[in-house]
Amino acid sequence: MARATSAAVPTLIGSVQRALRLLEAAGAHRDGAPAKQLAREAGIPLATAYHLLRTLTHEDYLRRDRGVFTLGPAVDRLALDRSQQNRRARLQDSLTQWRDAIGVAVYFAVYREGEVDVVAVSDTPYAPAVPEWADFRETAHAHAIGQCLLGQLDTEARRDHLDRHPVQQVTPYSVRDREALLERMAANARPGTVVERQEYALGTVCAAIPVTVGDMIGTMALSLPLEQEARLRPAVEQLRRGVRELMESLAFSISI
């Protein structure tokens with residue numbers, strides 16, 4: 001019995017525990033505290049505290065100014081990462097609900113730092129997502145997600161993107177060249193729903209709806225097999241209603 005109890009005791013790393021106690025002590029003082037005070041409050045010998053404080057400062061978990069330690073930017077990043085994970089989880093839950101309600105694969109993407117970023121996808125075996133057989137970032141001109149995002153850019157940003165990712169035919173149905181794409185964009189100066197048929201993947205139709213909040217340029221999209229194209233319009237209308245609900249529930253300032 002004694003052996004079983006001993007085996008159940010977790011292995012704890014004392015230095016990690018002491019470092020955490022120091023962080024907790026520093027966090028209790030908005031204006032910071034000196035090493036001696038932090039060591040005393042954490043119950044750690046001063047010599048040990050100095051070593052740990054030096055390491056925590058080097059790793060940006062603490063900041064030292066005039067002998068006083070305050071929490072550093074790495075602690076803030078941990079909090080931001082947690083907040084970001086929560087937003088991603090809520091977004092994924094929303095996509096899953098729409099996927100099940102509409103019976104299609106659903107996507108959320110943003111245009112970030114000059115590139116198309118597909119943030120989340122929700123699909124099932126009966127409603128599979130379009131395989132990324134050609135890099136989505138390189139082929140924004142060919143799929144509904146990319147066309148919707150490019151359509152929301154100003155002229156200079158759009159041309160910059162196309163300079164870096166030249167237009168090329170991905171399938172026999174995709175836009176043939178840069179001029180044809182720009183003409184299409186100009187005809188839709190106020191982008192609404194973007195629909196593409198087999199321009200990125202043969203046998204697939206896709207639609208994308210613009211989502212713009214503040215400086216964020218985003219899109220919600222869905223895809224269907226070509227033989228189910230008749231479902232596209234009602235599916236888009238359902239998704240459009242879902243987008244409004246998403247904006248209201250998440251109050252997007254997305255750094256997703």
Side-chain angles (χ1 to χ4, degrees), residues 1-97 99 106-123 132 135-137 211-218 245-256:
M1 291 293 293
R3 184 176 301 169
T5 302
S6 176
V9 176
T11 300
L12 303 179
I13 308 301
S15 59
V16 174
Q17 290 179 306
R18 289 188 287 271
L20 291 173
R21 298 296 84 76
L22 284 172
L23 285 174
E24 291 169 354
H29 301 279
R30 190 175 68 176
D31 297 324
K36 289 183 179 180
Q37 182 177 355
L38 294 178
R40 182 173 63 254
E41 293 177 358
I44 298 172
L46 183 58
T48 301
Y50 276 130
H51 289 299
L52 292 172
L53 290 170
R54 188 179 303 115
T55 301
L56 290 168
T57 301
H58 180 268
E59 297 296 329
D60 284 339
Y61 285 95
L62 290 176
R63 178 172 289 161
R64 185 176 186 272
D65 183 27
R66 300 176 184 177
V68 171
F69 293 89
T70 56
L71 295 180
V75 174
D76 294 334
R77 287 197 295 271
L78 287 176
L80 287 173
D81 288 346
R82 180 62 178 173
S83 176
Q84 185 179 76
Q85 289 172 8
N86 290 338
R87 287 197 300 271
R88 282 182 181 271
R90 283 184 289 168
L91 173 63
Q92 193 67 51
D93 287 345
S94 295
L95 295 190
T96 299
Q97 291 174 10
R99 178 203 71 196
V106 184
Y107 313 74
F108 178 77
V110 297
Y111 193 80
R112 178 160 42 204
E113 297 179 356
E115 301 293 348
V116 171
D117 183 4
V118 179
V119 175
V121 180
S122 186
D123 68 343
E132 188 177 355
D135 192 326
F136 278 142
R137 294 170 300 178
V211 177
T212 306
V213 179
D215 294 332
M216 184 203 77
I217 293 175
E245 294 173 6
L246 179 68
M247 294 301 98
E248 293 169 1
S249 65
L250 290 189
F252 269 98
S253 58
I254 294 191
S255 55
I256 283 182

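Everything numeric here is computed off the predicted structure, so don't read it as measured data.
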### Message
How long is the straight-line distance from CG of D117 back to CD1 of I217, given to the nearest 0.5 Å?
### Response
13.5 Å

## Note on the structure
Value for CD (E115) from CG (D135), rounded to nearest 0.5 Å, stands at 8.5 Å

### Message
If I compare all heavy atoms of Y61 with all of L23, which pair ends up nearest, and what's the gap?
### Response
O-CD2, 3.8 Å

### Task
Begin with the C-alpha distance, continue with both residues' side-chain angles, and end with the deciding distance and a verdict on side-chain contact (heavy atoms from CB on, under 4.5 Å) for R112 and V119.
CA-CA 10 Å; R112 178 160 42 204; V119 175; 3.9 Å; yes

### Query
Could you give the distance from CG (L71) to CD (E24), rounded to the nearest 0.5 Å?
10.5 Å

### Query
Would you say L95 and V121 make side-chain contact, with heavy atoms under 4.5 Å?
no

### Query
With a cut-off of 6.0 Å (strictly less than), are more than 12 heavy atoms of other residues, nucleotides or ligands near CZ of R63?
no

### Message
So, taking the atom named CG in L38 and the one named OH in Y50, what distance separates them when rounded to the nearest 0.5 Å?
### Response
10.5 Å

### Query
Taking all non-hydrogen atoms of both residues, which atom of A74 and which atom of E59 are closest, and how far apart?
CB-O, 3.8 Å

### Summary
In short, L52 meets S15 closest at the heavy-atom pair CD2-O, 4.0 Å

### Task
Decide side-chain contact (heavy atoms from CB on, under 4.5 Å) for D65 and T70; before the verdict, give the C-alpha distance in whole Å, the side-chain angles of both, and the deciding distance to 0.1 Å.
CA-CA 8 Å; D65 183 27; T70 56; over 6 Å; no

### Task
Run the numbers on L62 and L53 for side-chain contact (heavy atoms from CB on, under 4.5 Å), then give the verdict.
CA-CA 7 Å; L62 290 176; L53 290 170; 3.4 Å; yes

### Query
Roughly how far, to the nearest 0.5 Å, is the CZ atom of R54 from the CG atom of L56?
11.5 Å

### Query
What closest approach, in Å, do I44 and A49 show between heavy atoms, and which atom pair accounts for it?
CG2-N, 3.8 Å

### Task
Work out which heavy atom in V118 is nearest to a heavy atom in F136; give both atom names and the distance.
CG2-CD1, 3.9 Å

### Query
Taking the side chain as C-beta and beyond, is there a heavy-atom pair between V116 and Y111 under 4.5 Å?
yes

### Task
Quick one: pull up CZ in R99 and CD in Q92 and give me the separation to the nearest 0.5 Å.
8.5 Å

### Message
Using side-chain heavy atoms (C-beta onward) and a distance below 4.5 Å, is V68 in contact with D31?
### Response
no

### Shortest non-hydrogen separation from Q37 to A33 and the atoms involved
OE1-CB, 3.7 Å

